[in-house]
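So the structure is just underneath, and the comments pick up after that.
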Amino acid sequence: MSGQIKRGVSLYSFQEEMFLGRMNVEDVVGFSTSIGAAGIEILPEQNMPTFPHITDAQIGEWQDMLSRHGAHFTCYDMFLDTKLRKGELLSDEEQVESIKRDLTLCNRLGIRNMRVLIFVRPDILEKCVPYAEQMDVHMGVEVHAPWHLEHAWILRTVDVADRLGTRHLGILPDMGIFMKNYPPEFRARFERQGARPEVAQFIVGQHQQKIMCEYTIYEVAVKMGGNKAEVAMAETLRHAPYANPKRIKDYAPYFRHIQAKFYGMTEDCIDPAIAYDEVIPELVKCGWEGTLSSEYEGNRWIQDVEEVDSREQVRRQHVMFENLIAKAQSELEIV
Amino acid sequence: MSGQIKRGVSLYSFQEEMFLGRMNVEDVVGFSTSIGAAGIEILPEQNMPTFPHITDAQIGEWQDMLSRHGAHFTCYDMFLDTKLRKGELLSDEEQVESIKRDLTLCNRLGIRNMRVLIFVRPDILEKCVPYAEQMDVHMGVEVHAPWHLEHAWILRTVDVADRLGTRHLGILPDMGIFMKNYPPEFRARFERQGARPEVAQFIVGQHQQKIMCEYTIYEVAVKMGGNKAEVAMAETLRHAPYANPKRIKDYAPYFRHIQAKFYGMTEDCIDPAIAYDEVIPELVKCGWEGTLSSEYEGNRWIQDVEEVDSREQVRRQHVMFENLIAKAQSELEIV
Amino acid sequence: MFDRYLIDADSLRNTGPADAPTGFAFDAKLGYYRGLGLSMVEKLDIAIDGEPLPREAVRFDEGLGPLTLDEMETAYDRRWPFGTAATILVDRPGGFPAGEHELSLLQQLRVSYLPFPAVNTDKKSVSLAA
Amino acid sequence: MFDRYLIDADSLRNTGPADAPTGFAFDAKLGYYRGLGLSMVEKLDIAIDGEPLPREAVRFDEGLGPLTLDEMETAYDRRWPFGTAATILVDRPGGFPAGEHELSLLQQLRVSYLPFPAVNTDKKSVSLAA
Ligand SMILES: [Mn+2]
Ligand SMILES: [Mn+2]
């Protein structure tokens with residue numbers, strides 16, 4: 001069986017180097033193809049300085065650049081500034097217009113997947129479906145922790161997609177929802193900020209046991225008299241859930257792209273936090289054909305003590321992807 | 001097809017009348033059988049004043065009383081006083097002993113289902129499995145809101161059951177996890193306590209949309225400057241989730257009893273809050289054969305303004321059950 | 001869940017010699033849907049017209065003899081059953097003050113499955129039977 | 001996520017006549033992983049050694065001409081792009097004080113998908129180039 005899961009990279013992963021001017025988008029694209037991750041996810045509001053005004057010439061330059069490296073676009077990360085004006089939200093019509101603007105640009109760029117921010121209302125998206133179909137762009141609501149694939153808010157979007165019978169509305173999971181273990185990078189930073197090792201260990205242990213986060217926060221804040229760093233560490237548990245990877249098969253028809261969130265890889269190319277070893281077999285089993293798009297978010301946790309090396313982190317994640325995909329495929333063939 | 005879902009009542013439902021001495025357990029049993037709900041769930045720590053010292057003679061009296069009414073026990077609600085002693089938790093051995101005490105009493109009472117409190121650790125339950133098998137009692141961890149069938153904490157117990165291959169450990173869902181609509185009884189009480197109708201309506205609307213509860217709490221507490229009753233009302237959203245009824249089929253092998261939580265029935269026997277109209281078809285479809293055991297919890301929401309009538313509330317719930325079960329069965333036969 | 005029903009207003013009586021009472025007593029139920037071991041009753045705070053009485057002045061008797069609140073902490077074999085009134089005895093020279101006063105009761109319980117203490121409160125305007 | 005990188009310490013300079021400066025300026029980036037419309041920049045709080053300077057003293061220029069913070073609120077068509085320094089101008093008679101001082105910048109952003117304002121802060125010990 002040939003590999004059906006594709007590998008790619010979101011430009012989000014290189015925010016540290018790009019923010020500091022140490023890499024430009026072409027550097028990222030070149031690096032990505034060098035590790036076999038030819039699918040490029042962009043955030044136009046990050047990577048296109050003249051956004052939302054993008055000329056055909058600019059688009060041509062992007063396409064030429066991608067071609068030079070043998071890369072291609074996979075996904076467009078949209079934003080929606082409902083709070084553009086102080087004190088009032090955009091009207092429903094304005095929200096629809098903003099999304100249509102993004103769908104148009106997506107289409108002009110030749111991108112067929114658009115990441116929709118999770119807070120966008122399902123009824124607003126419903127109004128955008130005809131235009132998304134016309135532009136042939138799949139609108140995927142990002143399922144981001146602390147939501148999960150089955151959260152009632154997400155099910156509302158799935159219901160709209162089912163009711164309309166459209167293939168242009170669905171979801172776009174961010175793998176941060178499968179945090180099986182507490183990231184060592186989080187713990188280390190809170191310890192540098194003053195969390196006592198025994199309290200940090202308590203929090204990690206509570207997460208390991210999957211105890212309701214509010215209980216742990218209460219224990220740390222009230223019963224243990226936690227200091228600022230300890231309470232802040234406990235509060236990260238609100239955003240550190242471990243959703244059930246077995247649900248992937250049920251929702252695979254609704255997503256075509258995955259944001260492969262991670263916070264740090266070990267030297268031997270293992271993700272200590274996110275359960276890719278459980279996620280990837282599920283994707284392989286159901287024959288999913290989209291892109292695993294690296295979303296490195298470790299920079300903010302280590303930049304106070306070490307030089308961020310997003311390339312090395314992303315490289316390691318892709319070694320892991322190759323290993324896990326190959327393993328899952330060979331196990332599938334045996335069975 | 002004959003009805004496979006059985007109907008029953010938890011003595012919890014009559015806490016108001018029993019607390020006030022207006023009904024005794026026999027009154028409850030008599031009433032329950034009168035509405036065709038012959039399965040009785042008990043809370044020994046509520047309903048057996050000499051607990052944990054129960055003589056064979058007492059057990060004989062219970063059995064005689066149930067027989068007189070044509071009723072039978074369905075489930076035993078255990079508690080575990082890990083905080084028996086100030087400042088320290090029961091040791092693991094003491095916790096196991098306490099659970100064994102309950103399993104023994106369960107067995108002596110002829111009850112084959114025990115509701116286990118959700119906070120009991122999976123590794124403690126694992127240690128109790130051999131004794132539960134010996135006593136032939138199914139230990140079902142209560143899946144209570146804000147947990148849900150797929151919460152990682154619950155999955156740990158399911159994993160233990162799978163690993164041991166035992167049929168004596170599993171779950172016991174409380175239908176409060178399927179709160180599709182905000183209960184009118186909650187809203188009315190908060191309005192009596194000073195919540196402004198427009199703020200109450202905002203909260204109900206947010207729940208209706210299934211917006212992440214922390215957002216609503218923040219809106220009410222910070223942005224709207226909510227008063228005490230309004231903030232308290234918003235905070236109830238933390239415990240008012242709507243889990244996906246489609247998951248019932250996946251977990252049906254792990255439960256044999258259901259706590260049919262409700263807060264109030266309309267005069268025409270509809271539950272405005274809990275999605276029994278979605279839950280019961282799922283149970284019927286997968287041929288589930290356990291007991292739907294009424295757990296009325298509306299008393300605390302209305303006792304400040306009206307006489308609580310738990311009998312009438314439970315009666316209405318069972319009319320709904322009969323209707324929904326019959327409807328689901330007939331739809332199954334057509335297909 | 002049962003706050004309004006905790007204090008039995010009609011049960012108020014003085015204790016000690018009738019002409020020189022040394023305290024008062026009243027009956028109360030546990031504000032919980034099950035019974036609870038006495039060691040998990042952390043507080044029984046009594047106040048008259050909002051004035052708290054000292055913890056040391058309070059004793060509890062579910063029928064097996066009075067205990068101070070400190071003694072209750074280790075009364076592992078005794079329980080306050082569901083829906084059952086126990087007697088709360090309060091040392092107060094002179095007994096309960098004459099006329100109508102607000103008597104309040106706060107119960108703080110150590111409920112094992114809750115991370116925080118459970119607190120029940122009731123207050124009622126009461127007076128000694130003439 | 002980028003707090004430590006916001007202020008470009010080397011960019012500090014006085015504005016106005018060299019012998020009688022009327023203020024100072026420095027370059028700063030937006031502490032966010034994307035660019036943002038200027039109308040959603042709610043605050044740019046500047047302080048020297050912890051002493052806040054008045055909002056009215058601050059202007060912003062991403063390259064299209066300086067705006068007061070109040071003017072920014074309705075600058076719907078202008079953006080502060082990702083990773084791009086803009087100039088922050090501060091009116092202060094005499095310019096930046098001589099010697100080394102702590103310059104701090106707080107950015108408060110109205111990010112639509114967050115219920116609360118996003119706040120970024122940086123402070124650096126800076127001095128005017130000799
Ligand atoms: Mn993401
Ligand atoms: Mn229950």
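Because the structure is predicted, anything quoted here is derived from the model rather than measured. A, B, ... follow the sequence lines: proteins, then strands. Residue 1 opens every chain.
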Can you tell me which portion of [X] sits under 4.5 Å from chain D's heavy atoms? Options are side chain, backbone, both or neither.
{"X": "A:Leu20", "result": "both"}
{"X": "A:Phe119", "result": "side chain"}
{"X": "A:Asn47", "result": "neither"}
{"X": "A:Phe51", "result": "both"}

Review point. What's the shortest heavy-atom distance between A:Asn299 and D:Phe2, and which atoms?
Key: ND2-CE2, 3.8 Å

Check your understanding: Looking at D:Val111 and A:Lys83, what are the two nearest heavy atoms and their distance?
Key ->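 Between these two residues, the closest heavy atoms are O-NZ, 3.8 Å.
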
Exercise for review: Considering only heavy atoms and a distance below 4.5 Å, find which of A:Leu90, A:Thr82, A:Asp81, A:Ile118 pairs most often with chain D.
Suggested key: A:Asp81

Exercise for review: Among the options A:Gln15, A:Met48, A:Arg300, pick out the one with the most heavy-atom pairs lying under 4.5 Å from chain D.
Suggested key: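 Highest number of heavy-atom pairs under 4.5 Å: A:Gln15.
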
Exercise for review: Would you check, one step at a time, whether the test side-chain contact (heavy atoms from CB on, under 4.5 Å) holds for A:Leu43 with D:Phe82?
Suggested key: CA-CA 10 Å; A:Leu43 297 79; D:Phe82 169 76; over 6 Å; no

Would you compute the distance between atom [atom1] of [X] and atom [atom2] of [Y] and round it to the nearest 0.5 angstrom?
{"X": "A:Glu16", "Y": "D:Tyr5", "atom1": "CD", "atom2": "OH", "answer": "3.5 Å"}
{"X": "D:Ser112", "Y": "A:Leu117", "atom1": "OG", "atom2": "CG", "answer": "9.0 Å"}
{"X": "D:Tyr113", "Y": "A:Phe79", "atom1": "OH", "atom2": "CZ", "answer": "5.5 Å"}
{"X": "A:His53", "Y": "D:Asp77", "atom1": "NE2", "atom2": "CG", "answer": "6.5 Å"}
{"X": "D:Thr74", "Y": "A:Arg85", "atom1": "OG1", "atom2": "CZ", "answer": "12.0 Å"}

Check your understanding: For D:Leu114, is it the side chain, the backbone, both, or neither that has a heavy atom closer than 4.5 Å to a heavy atom of chain A?
Key ->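 Answer is backbone: N, CA, C or O of D:Leu114 sit under 4.5 Å from chain A.
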
Review point. Can you tell me if NZ on D:Lys123 sees more than 12 non-hydrogen neighbours from other groups inside 6.0 Å?
Key: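 No, because the 6.0 Å sphere around NZ of D:Lys123 holds 12 heavy atoms or fewer from other groups.
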
Check: [X] side chain, [Y] main-chain N or O, donor-acceptor pair, under 3.5 Å:
{"X": "D:Arg110", "Y": "A:Leu84", "value": "yes"}
{"X": "A:Lys86", "Y": "D:Glu73", "value": "no"}
{"X": "A:Gln46", "Y": "D:Gly83", "value": "no"}

Point to revise | Residue pair A:Glu297 / D:Met1, side-chain heavy-atom distance below 4.5 Å | key: no

